[in-house]
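Heads up, the thing below is written out as structure tokens.
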Amino acid sequence: MIRIEDIMSDGLFAEFRDCAAAVDQLEMDRFLKANWFLETSRNMTRFGFKSRNSLEENCETDAHPDVDKPLQKKIYMALWSFYKETKPMWKMTGAQLLDKKVNVQNFRCEFQMVDTGAEFKKHRHPYSQLNGTVYVYPEQSVGTVFHEPAHKIAPWVTNSAVAFRQELHSFHNDSADHRRFTINTFIETE
């Protein structure tokens, strides 16, 4: 695991904070989590929205039904800027973690919103060799909990990231007042 401070420029981080604060204020149906995503590979780039209403039920669409189009466009544009701005850093970090030169085959980043009180049990991301979580909003929350090789919590520090391989981890939102917002990256390498 590697900690990266000030991962985004101040302007880009402010864009994500503004989006998170705006979405956090909206009245919307209960869910466990929701992700606006950008996925890019050599042959395609696509944007979309994925939500989970229960631990088993996922739904993928173009947009969140309770968020207006201008705000969703702002989120997608911020994800595109995040991809362009941070891809070189992810490649360098990946080279350290994976002990090899990293050629990105598939890059997925998600602006993730986790509802109040939601909890996600221990899991791995076996489809990606390099993973990252960037802490966005609120100012104080609970970071990622890693369970192997030893129990460790990556502290919640906004505009910082924790990069990791396929370690067993979990996360939750212990706030009763705010949704939890992160940017998650999933990178497949050659």
Side-chain angles (χ1 to χ4, degrees), residues 1-9 12-13 15-16 19-20 32-52 55-64 72 75-114 118 120-136 143-149 152-154 159-172 180-190:
M1 173 176 55
I2 296 176
R3 169 68 94 182
I4 306 153
E5 301 292 331
D6 298 321
I7 188 166
M8 291 181 272
S9 65
L12 182 56
F13 180 66
E15 282 184 50
F16 278 112
C19 290
L32 291 176
K33 70 177 180 175
N35 300 308
W36 289 266
F37 67 84
L38 159 68
E39 186 170 14
T40 183
S41 65
R42 287 194 175 107
N43 300 325
M44 67 97 189
T45 297
R46 72 183 185 109
F47 295 89
F49 175 79
K50 183 172 78 171
S51 63
R52 183 179 289 182
L55 289 177
E56 294 84 31
E57 184 183 338
N58 285 314
C59 176
E60 190 170 309
T61 62
D62 291 334
H64 192 295
Q72 291 192 101
I75 291 169
Y76 289 134
M77 295 306 297
L79 282 170
W80 179 249
S81 296
F82 177 85
Y83 166 71
K84 291 191 313 185
E85 186 175 293
T86 66
K87 185 180 175 186
M89 183 278 314
W90 289 114
K91 288 175 73 171
M92 284 186 345
T93 302
Q96 291 175 318
L97 275 174
L98 303 174
D99 198 27
K100 67 177 187 176
K101 182 179 177 184
V102 171
N103 292 314
V104 174
Q105 182 178 356
N106 189 49
F107 188 107
R108 181 180 176 108
C109 55
E110 301 177 343
F111 183 56
Q112 182 178 85
M113 168 179 58
V114 174
F120 290 85
K121 304 286 185 201
K122 298 175 186 177
H123 62 282
R124 298 179 198 277
H125 301 288
Y127 48 84
S128 58
Q129 292 79 35
L130 177 62
N131 304 288
T133 300
V134 180
Y135 305 115
V136 177
T144 309
V145 180
F146 291 92
H147 301 278
E148 293 175 352
K152 183 176 182 178
I153 299 175
N159 199 19
S160 73
V162 58
F164 54 99
R165 294 176 296 223
Q166 297 171 347
E167 283 90 356
L168 187 65
H169 64 284
S170 62
F171 61 93
H172 66 278
R180 177 187 192 265
F181 292 83
T182 58
I183 302 167
N184 301 320
T185 59
F186 308 96
I187 300 170
E188 296 174 48
T189 64
E190 294 178 327

Kindly assign one of parallel, tilted or perpendicular to the pair [X] and [Y], based on the angle between their ring planes and the thresholds 30° and 60°.
{"X": "W36", "Y": "H64", "result": "parallel"}
{"X": "W80", "Y": "Y83", "result": "tilted"}
{"X": "F171", "Y": "H123", "result": "perpendicular"}

Look at the side chain of [X] and the backbone N and O of [Y], then say whether any donor-acceptor pair between them is shorter than 3.5 Å.
{"X": "E167", "Y": "F146", "result": "no"}
{"X": "R165", "Y": "L97", "result": "yes"}
{"X": "N131", "Y": "N184", "result": "no"}
{"X": "T182", "Y": "T133", "result": "no"}

The side chain to side chain contact (heavy atoms under 4.5 Å, CB included) partners of M89 (sequence neighbours excluded) come to I4, I7, T86, T93

Which residues share a side chain to side chain contact (heavy atoms under 4.5 Å, CB included) with K100, sequence neighbours left out |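 Result, side chain to side chain contact (heavy atoms under 4.5 Å, CB included) vs K100: L98, T189.
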
Reported [atom1]-to-[atom2] distance for the pair [X] and [Y], which is rounded to 0.5 angstrom:
{"X": "T144", "Y": "F120", "atom1": "OG1", "atom2": "CZ", "result": "12.5 Å"}
{"X": "E110", "Y": "K33", "atom1": "CD", "atom2": "NZ", "result": "6.5 Å"}
{"X": "F164", "Y": "L130", "atom1": "CZ", "atom2": "CG", "result": "9.0 Å"}
{"X": "F37", "Y": "Q112", "atom1": "CZ", "atom2": "CD", "result": "13.0 Å"}
{"X": "M44", "Y": "E39", "atom1": "CE", "atom2": "CD", "result": "4.5 Å"}
{"X": "M77", "Y": "L38", "atom1": "CE", "atom2": "CG", "result": "10.5 Å"}

Non-hydrogen atoms of [X] and [Y] that approach each other most closely:
{"X": "R3", "Y": "A154", "result": "NH2-C, 3.8 Å"}
{"X": "Y76", "Y": "G48", "result": "OH-O, 3.0 Å"}
{"X": "E188", "Y": "Q129", "result": "CA-OE1, 3.0 Å"}
{"X": "A161", "Y": "V134", "result": "CB-CG2, 3.7 Å"}
{"X": "G132", "Y": "W90", "result": "CA-CH2, 3.7 Å"}
{"X": "T40", "Y": "N106", "result": "O-OD1, 3.1 Å"}

Counting C-beta onward and ignoring hydrogens, is there a side-chain heavy-atom pair between [X] and [Y] closer than 4.5 Å?
{"X": "S170", "Y": "K121", "result": "no"}
{"X": "T185", "Y": "F82", "result": "yes"}
{"X": "M8", "Y": "E15", "result": "no"}

Would you say N103 has more than 12 foreign heavy atoms packed within less than 6.0 Å of its CG?
->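 Yes.
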
Step through it carefully: locate the ring centre of F181, locate the ring centre of F16, and say whether they are under 6.0 Å apart.
-> no

Do the two ring centres, one from H147 and one from H169, sit under 6.0 Å apart?
->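 No.
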
Answer yes or no: is there an ion pair linking R124 with E148, defined by an N-O contact shorter than 4.0 Å?
-> yes

Establish, yes or no, whether the cationic atom of K87 lies under 6.0 Å from the six-membered ring centre of F107 and within 45° of the ring axis.
-> no

